[in-house]
Amino acid sequence: MEESKNDYMVCARDLKIIWSRDRRYWRWVKETENSYVAELLNVCWLKVSGKVENSNLSPGTQYEVVLVAKMKTRAYGWDAPVNFKFTHPGGTKDWTINLENKFKDSKDQWKDIKLGEFIASANPGDIEFWLYKYGGKWKSGLVIKGVAVRPKS
């Protein structure tokens with residue numbers, strides 16, 4: 001019998017989204033009876049972050065961090081890459097990701113955007129992640145369902 005590997009979903013309401021309570025910048029849309037998604041209306045300073053306790057994951061398992069989101073047809077401001085930072089008990093990784101390219105052929109459809117991967121350890125600590133872009137062009141049209149931390153298949 002194969003051992004069950006833990007996965008974890010940080011829903012949009014559990015993420016820290018800068019200015020998400022200001023209706024000029026973000027809108028909360030009810031998706032199901034118990035879940036909401038965050039729709040970006042207009043910001044030039046983007047910061048979305050969250051964390052998962054390492055103890056919730058299966059040690060020795062390779063995990064991927066995935067943004068579950070969609071890009072609206074009329075989205076704009078995504079031609080420049082955004083930054084992704086990821087920390088876990090084994091270290092820190094930083095890189096950029098071009099979301100416009102990731103959603104090019106799938107506007108208005110939910111998509112899993114792989115942000116990174118790591119091997120879970122038995123060490124205490126949190127897995128933390130940030131998607132951010134400070135300054136630059138105004139952006140709109142990103143809809144975030146959450147961030148999944150799941151075993152890599």
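Both backbone and side-chain heavy atoms feed into the values below; hydrogens, waters and symmetry mates do not.
Under a cutoff of 6.0 Å and an axis angle of 45°, K145 and W110 form a cation-pi pair.
With hydrogens and angles disregarded, no donor-acceptor distance shorter than 3.5 Å links the side chain of T96 to the backbone of P81. Side chain of W78 to backbone of S140: a donor-acceptor contact under 3.5 angstrom is found. Judged by distance alone, the side chain of T32 and the main-chain N or O of S35 form a donor-acceptor pair under 3.5 Å. Between the side chain of N54 and the main chain of S121, a donor-acceptor pair closer than 3.5 Å is present. With D112 contributing its side chain and L67 its backbone, the two residues share no donor-acceptor pair below 3.5 Å. Of the possible donor and acceptor atoms, one in the side chain of N98 sits under 3.5 Å from a partner among the backbone N and O of E100. K139 places no side-chain N or O within donor-acceptor distance of the main-chain N or O of L46, the cut-off being under 3.5 Å.
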- Report the C-alpha distance between V68 and M9 in whole Å, list the side-chain angles of each, state the deciding distance to 0.1 Å, and finish with yes or no for side-chain contact (heavy atoms from CB on, under 4.5 Å). CA-CA 10 Å; V68 182; M9 177 72 160; 4.0 Å; yes

- Is there a side-chain contact (heavy atoms from CB on, under 4.5 Å) between K137 and D79 once you walk through the steps? CA-CA 9 Å; K137 293 182 176 181; D79 51 329; 2.6 Å; yes

- Task: Take E64 and K152, measure what salt bridge (Lys or Arg N to Asp or Glu O under 4.0 Å) needs, and give me the verdict at the end.
- Result: CA-CA 6 Å; E64 58 185 6; K152 187 175 176 190; 6.0 Å; no

- Would V65 and E117 satisfy side-chain contact (heavy atoms from CB on, under 4.5 Å), going step by step from the backbone distance to the final call? CA-CA 6 Å; V65 180; E117 57 186 60; over 6 Å; no

- Message: Let's go through V147 and F129 carefully: what are the C-alpha distance in whole Å and the side-chain angles of both, what is the deciding distance for side-chain contact (heavy atoms from CB on, under 4.5 Å) to 0.1 Å, and is it a yes or a no?
- Response: CA-CA 9 Å; V147 174; F129 46 85; 3.7 Å; yes

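Within the 4.5 Å cutoff, side-chain heavy atoms of W130 are placed close to those of T87. Between K133 and V43, every side-chain heavy-atom pair lies at or beyond the 4.5 Å cut-off.
The only option from W138, W26, Y76 that meets the side chain to side chain donor-acceptor pair (under 3.5 Å) definition with N42 turns out to be Y76.
Remark: K114 NZ is packed, more than 12 non-hydrogen atoms of other residues, nucleotides or ligands lying under 6.0 Å away. Within a 6.0 Å radius of NZ in K51, no more than 12 heavy atoms belonging to other residues, nucleotides or ligands are found. Atom NZ of K16 has 12 or fewer heavy atoms from other residues, nucleotides or ligands within 6.0 Å.
A salt bridge links E39 to K72: one of the charged nitrogens lies within less than 4.0 Å of a carboxylate oxygen.
Under the 4.5 Å side-chain heavy-atom criterion for Ile, Leu, Val, Met, Phe, Trp and Tyr, L115 and V52 are members of the same hydrophobic cluster. One hydrophobic cluster, built from ILVMFWY side chains closer than 4.5 Å, cannot hold both F84 and V66; they sit in different ones. V143 and V10 are members of different hydrophobic clusters when ILVMFWY side chains are connected at heavy-atom separations under 4.5 Å. Grouping the Ile, Leu, Val, Met, Phe, Trp and Tyr side chains by contacts below 4.5 angstrom, directly or via other members, places V29 apart from I144.
Between atom CD1 of residue I97 and atom CG of residue N83 there is a gap of 11.0 Å, rounded to the nearest 0.5 Å. Taken from CG in D7 to CG in L57, the straight-line distance is 9.0 Å, to the nearest 0.5 Å. Taking OG of S55 as the reference point, atom CG of N123 lies at 12.0 Å (rounded to 0.5 Å). Separation of atoms OH (Y25) and CG (L41) is listed at 11.0 Å; rounding is to 0.5 Å. Rounding to the nearest 0.5 angstrom, the gap separating the CD atom in Q62 from the CZ atom in R150 is 13.5 Å. We find the CG-CZ distance between L142 and F103 to be 6.0 Å, quoted to the nearest 0.5 Å.
Listed here is the closest heavy atom pair of Y134 and K47: OH-CD, 3.6 Å. I127 approaches P89 most closely through the heavy-atom pair CD1-CD, 4.0 Å. Summarising the geometry of M71 relative to L99, their closest heavy-atom pair is CE-CB, 4.1 Å, with the distance given to 0.1 Å. The minimum heavy-atom distance between G141 and A75, with the atom names listed, is CA-CB, 3.8 Å. Residue L15 comes nearest to G146 through the heavy atom pair CD1-CA, 4.2 Å, listed as atom of the first residue, atom of the second, then distance. Minimum interatomic distance between K107 and T73 (heavy atoms only, all atoms of both residues): CB-OG1, 4.0 Å.
In this structure, the ring of Y63 has its center less than 6.0 angstrom from the ring center of F118. Aromatic ring centres of W28 and Y36: separated by at least 6.0 Å.
By the 30° and 60° cut-offs, the orientation of the rings of H88 relative to F86 is tilted. Classified by interplanar angle (parallel below 30°, tilted 30° to 60°, perpendicular above 60°), the ring pair W19/W45 is perpendicular.
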